[in-house]
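Step one of this worksheet: look at the structure below.
Quick note on labels: first sequence line is chain A, next is B, and so on, each numbered from 1.
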Protein chains: 2
Amino acid sequence: MNVKKKITISDVAEKAGVSKSTVSQYINQRYKYMSSETKERIERVINELNFRPNDNARNLKVKKTKVVGILVANILHTLSTEIIQIVEDRLQHNGMKAFVCNSADDPEKEKEYIDLLIAKQVDGIIIFPVGNDYTVYNYLINYSIPIVFVDRLVDGITTDSVLLDNHAASFLAVSTLAEKGHENIAFFTLPIDFPVTPRIERIDGYKKAMAACQLKLREELIFSISKDKIQDALQNCLHFNKPPTAIIAGNDLVLLQILKYLKKNNVSVPEKMAVIGIDNVLYADLYEPSITTIAQPIQQMGLKAAELLLDRIKNESQHPFITYRFAPEIVERNSI
Amino acid sequence: MNVKKKITISDVAEKAGVSKSTVSQYINQRYKYMSSETKERIERVINELNFRPNDNARNLKVKKTKVVGILVANILHTLSTEIIQIVEDRLQHNGMKAFVCNSADDPEKEKEYIDLLIAKQVDGIIIFPVGNDYTVYNYLINYSIPIVFVDRLVDGITTDSVLLDNHAASFLAVSTLAEKGHENIAFFTLPIDFPVTPRIERIDGYKKAMAACQLKLREELIFSISKDKIQDALQNCLHFNKPPTAIIAGNDLVLLQILKYLKKNNVSVPEKMAVIGIDNVLYADLYEPSITTIAQPIQQMGLKAAELLLDRIKNESQHPFITYRFAPEIVERNSI
DNA sequence: CTGAAAGCGCTTACAG
DNA sequence: CTGAAAGCGCTTACAG
């Protein structure tokens with residue numbers, strides 16, 4: 001493998017016997033004032049030399065890069081990849097492309113990626129934020145780089161945002177269970193050592209829904225703990241004086257732990273324990289019994305996020321920032 | 001929101017009362033010949049102005065970008081995101097970052113992303129290839145951009161590659177079933193309209209394993225069809241003269257379809273139908289009965305891919321290209 | 001210890 | 001229809 005020198009526009013110009021300007025015109029498809037002979041000659045040389053223009057040079061002149069960043073909190077979440085797929089498809093239709101970056105739940109990494117995306121001069125960024133330090137996101141706003149938040153919000157930052165109506169999600173879960181006569185409903189979610197919007201709002205929604213359904217709120221039935229502690233906590237609360245007869249899983253990862261425990265310990269669902277999960281999961285139909293879930297309208301959320309970002313990128317118009325809340329939907333199956 | 005002019009190195013230099021060169025020295029942390037007073041002054045101004053150097057300009061001079069591309073065939077596959085997570089972590093330790101791009105199973109998109117990554121001058125690319133047109137990948141080789149293939153190979157391209165020993169995977173599946181006395185073993189996988197390495201190799205491995213186990217090969221028990229046709233095909237083959245008593249699912253998506261069918265139709269597993277899936281899936285333990293799977297050593301594969309790429313990027317040394325084949329592992333559960 | 005100058009590979013207004 | 005020239009925002013060898 002011989003290390004070949006990178007081909008530049010000058011090489012093409014020289015070999016084609018025209019000026020760099022003309023080659024540049026060709027690259028940018030401004031054929032208007034170009035003889036077809038010149039055009040063909042340039043085309044041939046470009047193919048021969050396998051020339052690819054250096055975007056770094058181009059972007060130095062032309063301010064638009066036609067690239068947006070999608071910075072996800074954690075790429076392992078199904079929600080992230082599904083939104084990515086949808087957003088990308090919309091971008092495609094607008095001649096844009098996406099670089100996906102993964103914060104891996106690490107605020108430090110997120111900050112580095114934001115710096116990198118700024119440095120690469122992306123036209124806009126869709127962020128599933130992990131950090132709670134608003135100064136980081138302020139860089140973007142200072143640089144007038146459009147951003148759209150998805151799934152989570154950050155205190156102190158006002159921008160276009162797209163997320164589930166988490167209160168409604170909890171309400172749907174609680175009220176559905178209440179109708180079936182459940183009174184002792186446990187709520188499990190991941191930690192909120194630092195504020196994570198969906199977790200906080202879903203807990204809050206749970207509390208309000210309990211009140212609305214005239215059920216007694218028992219704080220000891222609310223668990224906000226790390227993944228590996230869920231099974232122990234569940235085991236524990238089964239020995240309460242009044243153990244729960246129903247569980248709401250705050251997200252897909254939590255649901256997985258709960259189902260593992262229930263299966264391992266032969267707790268019959270829904271007879272001994274009703275289960276309802278927020279987030280639709282691939283295996284909801286597969287479990288025995290199939291699991292009732294509260295689904296996010298991912299398709300619409302992805303489209304809205306893409307649309308918001310594209311609007312900001314295209315026109316300079318300054319409509320006020322809006323936080324869009326999407327209504328959840330219950331998918332009734334056999335676990336309640 | 002007032003559109004602020006982008007801050008450049010000149011702005012910083014002017015405000016700090018030094019030359020651009022000095023600011024540049026500061027940015028690149030060459031403090032050796034810099035008075036601490038100058039250093040502090042520059043630092044202060046950078047913070048005040050919120051200055052972020054433009055990487056496009058930098059990369060025009062400095063050939064290394066410290067960024068690699070990870071181009072996945074389809075970001076919805078768990079394998080992709082798990083490998084991304086692992087690779088990224090290794091890159092992090094080497095001061096590099098990753099831009100993830102999603103081909104969405106579309107060779108045209110893949111080509112565009114390759115062009116974009118070249119244009120952005122990434123230092124290297126990890127590819128889960130979708131296309132079968134080797135000329136596309138040849139661009140990269142022409143440009144001396146290191147590439148590592150993961151999961152799939154491309155005819156006509158020789159480069160470092162990391163993938164499962166697919167023949168061994170099929171062999172494990174077949175021989176395990178054969179030991180349990182199964183003779184009529186069906187194999188389901190997705191289409192091979194154009195060559196997709198794991199699918200082809202797993203079918204091939206299945207055939208060889210059947211021979212090795214002295215079982216009669218029945219071509220009509222091999223299904224290479226699209227996802228939505230799997231359930232019908234399965235239904236069909238249950239009415240064969242000699243229906244299969246065991247099924248091997250060629251990957252996670254196929255397994256999902258098969259389990260859906262079996263559950264819907266109350267086919268008892270493993271009594272009436274043994275099932276074994278290639279690819280470990282999240283819900284393997286959750287299904288009733290739990291599903292025996294053939295797992296890829298994803299951790300090791302991700303690390304190897306990262307290591308190979310970093311080696312090529314760092315040293316110019318020219319060890320020959322190697323295709324690494326990782327041994328699969330069987331995770332025995334209760335479905336066989 | 002710091003600055004002036006050339007150059008990276010493009011684009012674009014302008015001249016002809 | 002095409003080319004010469006300036007400039008985008010950096011870096012770096014060199015001079016002082």
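For residues 70-84 of chain B, the pairs satisfying side chain to side chain donor-acceptor pair (under 3.5 Å) are B/Asn74-B/Asp105, with sequence neighbours left out.
Distances shorter than 4.0 Å separate some side-chain N or O of B/Thr22 from OP1 or OP2 on C/dG3. Regarding contacts with the backbone of C/dC1, every side-chain N or O of B/Arg30 stays at 4.0 angstrom or more from both OP1 and OP2. At D/dT11, one or more side-chain N or O atoms of B/Ser24 fall inside 4.0 Å of OP1 or OP2 (strictly under the cut-off).
Regarding A/Ile7, its CD1 atom lies at a distance of 15 Å from the P atom of C/dC8, rounded to whole Å. A straight line from CD of A/Gln25 to P of C/dT12 spans 8 Å, rounded to a whole angstrom. Atoms CD1 (A/Ile9) and C1' (D/dA4) sit 14 Å apart, rounded to a whole Å. One can place CD of A/Glu14 at 15 Å from C1' of C/dG9, the figure rounded to the nearest angstrom. Straight-line distance from the NZ atom of A/Lys64 to the P atom of D/dC8: 18 Å, rounded to whole Å. The distance between atom CD of A/Gln121 and atom C1' of C/dG9, rounded to the nearest whole Å, is 16 Å. Rounded to an integer number of Å, the gap from B/Tyr26 OH to C/dT2 P is 14 Å. Rounded to whole Å, atom P of C/dC10 lies 13 Å from atom NZ of B/Lys120.
Among the nucleotides D/dT11, C/dG3, D/dG3, the one closest to the side chain of B/Asn28 is D/dT11. Comparing atom distances between the A/Ser21 side chain and each of D/dT11, C/dC10, D/dG3 picks out D/dG3 as nearest.
Listed in residue order, the members of residues 35-49 of chain B having a heavy atom less than 4.0 Å from DNA chain C are B/Ser35, B/Thr38. Within a heavy-atom distance below 4.0 Å of DNA chain C, the residues of residues 50-62 of chain B found are B/Leu60, B/Lys61.
In secondary-structure terms, DNA chain C builds stems of at least 3 consecutive Watson-Crick or G-U pairs, each pair having both distances under 3.5 Å, at C:1-3 with D:14-16, C:5-12 with D:5-12, C:14-16 with D:1-3.
Residues that satisfy the side-chain contact (heavy atoms from CB on, under 4.5 Å) test with B/Lys61, not counting sequence neighbours, are absent from this structure. Under the ring pair (Phe, Tyr, Trp, His ring centres under 6.0 Å) criterion, B/Phe326 pairs with no residue at all, not counting sequence neighbours. The side-chain hydrogen bond (donor to acceptor under 3.5 Å, both in side chains) search around B/Tyr26 returns none, not counting sequence neighbours. Among residues two or more places apart in sequence or in another chain, the ring pair (Phe, Tyr, Trp, His ring centres under 6.0 Å) test is passed with B/Phe99 by A/Phe99. In terms of the salt bridge (charged side-chain N to carboxylate O under 4.0 Å, His left out) criterion, residue partners of A/Arg41 (sequence neighbours excluded) are, by chain and number, A/Glu37. Taking A/Glu43 as the reference, nothing meets the side-chain hydrogen bond (donor to acceptor under 3.5 Å, both in side chains) condition, with sequence neighbours excluded. Every residue two or more places apart in sequence or in another chain that forms a side-chain hydrogen bond (donor to acceptor under 3.5 Å, both in side chains) with A/Thr38 is listed here: A/Ser35.
For the side-chain contact (heavy atoms from CB on, under 4.5 Å) with A/Leu140, the lone residue among A/Val122, A/Ile147, A/Leu117 that qualifies is A/Ile147.
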Only distances under 3.5 Å count here; give the side-chain donor-acceptor pairs of residues 151-158 of chain B to other protein atoms, sequence neighbours excluded, each with its distance to 0.1 Å.
from	atom 1	to	atom 2	distance (Å)
B/Arg152	NH1	B/Pro129	O	3.3

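One side chain, A/Asn102 or B/Glu88, offers a donor N or O that lies under 3.5 Å from an acceptor on the other.
When every heavy atom of B/Val130 is checked against every heavy atom of B/Tyr137, the shortest pair comes out as N-OH, 3.8 Å.
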